[in-house]
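Accompanying notes for the structure given below.
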Amino acid sequence: MLSVRIKHLVFVMAWWWWWWSGQCHAIKTTMTTPSTELPSCRMGYSSQEYYPTEAGYYNHQTCFFCYHFVPRHRRKVDLQVDHVAVTLSDGRTLADFIFRVENATYHFDPEDEEAWQLVVESLVDEVEGRKLADCCFEAVTCCNETLSRPQGDPSHCPATWDGWHCFGPTPPGTSVSFTCPHYAYRGLPECALEGHKHCQADGNWTVDEKGAEITDYSTCSHHHHHLLLYSWEAATHAISLLALPPALFVLLYYRQLRVQRFLLHVHLFVALLGKALFNFIDNLALRIPEYKEDASQLDENTVACRVLVFFAKGFNLAVWTWMLAESLYLHRLIVAAFRGGGKTWVYVLVGWVPALVVALCWAAGKAVLEDAECWLGHDPSTSHQLHLIFDIPKLIILLVNTVLLANMTRVLVTKLQGVNADYATATRNAVKATVFLLPMFGLQFFLTLYLPSPSTRCAWTQVYFIVATALDGLQGLYVSVVYCYINKEVRLQVRRSVYRVKGRLYAQGHSTTTHDPRTNISLLSTSHAPPLETDITITTST
């Protein structure tokens, strides 16, 4: 009897083990292959399940997670998300995500115009809405490509959508590098970085302690690139801050230099000094702390930070308008020399008034449409395109100055040919004169006029921004050197002052005699001069 019971117990345990193994195998199978005959695609965010495409179930799931991964600061409001039950044709019931607005329910579906309009309105701008739609579309594209691909090696990591990026079947023990998606960023990324996903030796994607698959997006951050660029920008403006004040002092100190040409230089130097000062403070007080500290001045959006950005932008444009004023003055002197330089107050108006008006218009637009982040949200991808208020005048000035410089070069070559019959010499002299005029006309900015595309690798983009920042930040140094420190007229005045000071110091160092009234002899009327008294005592020694 006992042996029968033991046999029965062994049979029951064997049957239980067989049943449990089968269940475990079924569970494992559902984690790696579709659990239904319906067309299904895998999303390896947390559950690593295959979601059927029936009734748009996969589309709604993946698009919801695209919305779920949108950072909080890129949403104006959070949509009220609920779960509903979806019954498939095979009788299975699955949970689906919906959102509610005024007792109406909607799916996260870009093809539903009414629903998608509500989703876009919940985000900070239309750009974020377009990026979210791109994420949803790429998830569907990933699914279609997976379904159209022949079934791969079962030892490979399965094709999957991780919520942001699509991965095909991957051999075990390898890592996949991919370009970071543009919807991972606020605005649009200025360059392309790479993320990574690792397939383990057992044919499974790497997971964290909670079982969620890991995709390494940490290398997608532009933190290091921005911090380096802002530090370099602050350094270049600091150099201009050191170079401009002495040049201003020299031009204002000597009366001989208070002519129209140098007075216009003074105004340009003031604009460059204001630009360097406010941009230097902008980088140190707003941009760099944004990447180094937890507290954010941009989020607080104080009046002080907005005023700071307004002056930085205004003086930056004033430099351009003063380059235009200087160009008009030089063009008038060279092309129509007999007419003189014109009225100084006209150039002052051209240099300051347009910059002030444009800056005020930009500030009004920011205050009404984008009153956030201390008005620094000037990404070209923003929907209101307020950066064009500054960019269009700069482009117009650049084109006008190019035409003026070309005409001036033509006139210089013609005039120099009249002095010297050698055409090569005349051309060489005209080129030298043109090179010295370049910083006044701002044509060096043609070197950085073309902005690299977002698909360019960040290493090359970083080189571009370093060069562009150097041309902009060191402009004050270059202009002060060319139009003050190495200018012949300025050097002559400084040299005279140095000689005068040296002469006084020499005279003070060698004046050891005292005044003797017997030397008061009039050189104008020597006939009435008293005779010199010679009271000399000769001492001899014996």
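Here the structure is a predicted model, which is why all the values come from computation and not from measurement. For the numbers below, each heavy atom of this structure counts, side chains included, while hydrogens, waters and symmetry mates do not.
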Checklist entry - Between Asp472 and Lys275, does at least one N-O distance fall below 4.0 Å, as a salt bridge requires? => result yes
Next on the checklist: Give me each pair satisfying side chain to side chain donor-acceptor pair (under 3.5 Å) with a member in residues 168-177, each pair once, sequence neighbours excluded.
Outcome noted: Ser175-His198, Ser177-His196
Checklist entry - Who passes ring pair (Phe, Tyr, Trp, His ring centres under 6.0 Å) against Phe97, sequence neighbours left out? => result Phe64, Phe65, His83
Item to check | Test: Asp82 and Arg100 ion pair at under 4.0 Å | outcome: yes
Checklist entry - Under 4.0 Å between a Lys/Arg side-chain N and an Asp/Glu carboxylate O for Arg42 and Glu213? => result yes
Checklist outcome for this item: residues 50-87 vs disulfide bond (SG atoms under 2.5 Å apart), sequence neighbours excluded, gives Cys63-Cys136, Cys66-Cys135
Checklist entry - Is any side-chain N of the basic residue among Glu290 and Arg287 closer than 4.0 Å to the acidic one's carboxylate O? => result no
Next on the checklist: ring pair (Phe, Tyr, Trp, His ring centres under 6.0 Å) for Tyr217 and Phe178? Distances and angles first, verdict last.
Outcome noted: CA-CA 10 Å; Tyr217 287 97; Phe178 59 92; 5.4 Å; yes
Checklist entry - Step by step, would you call His165 with Phe167 a ring pair (Phe, Tyr, Trp, His ring centres under 6.0 Å)? => result CA-CA 7 Å; His165 195 77; Phe167 298 91; 5.0 Å; yes
Checklist outcome for this item: residues 64-73 vs salt bridge (Lys or Arg N to Asp or Glu O under 4.0 Å), sequence neighbours excluded, gives Arg72-Asp78
Checklist entry - More than 12 non-hydrogen atoms from neighbouring residues, nucleotides or ligands closer than 6.0 Å to CD on Glu111, yes or no? => result no
Item to check | Counterpart residues, side-chain contact (heavy atoms from CB on, under 4.5 Å), relative to Ala271 (two or more places apart) | outcome: Ala318, Val319, Trp322, Trp352
Checklist entry - Around His223, counting heavy atoms of other residues, nucleotides and ligands shown, do more than 12 lie under 6.0 Å from its NE2? => result yes
Checklist entry - Could you give all pairs that pass the salt bridge (Lys or Arg N to Asp or Glu O under 4.0 Å) test and reach residues 166-184, with sequence neighbours left out? => result none
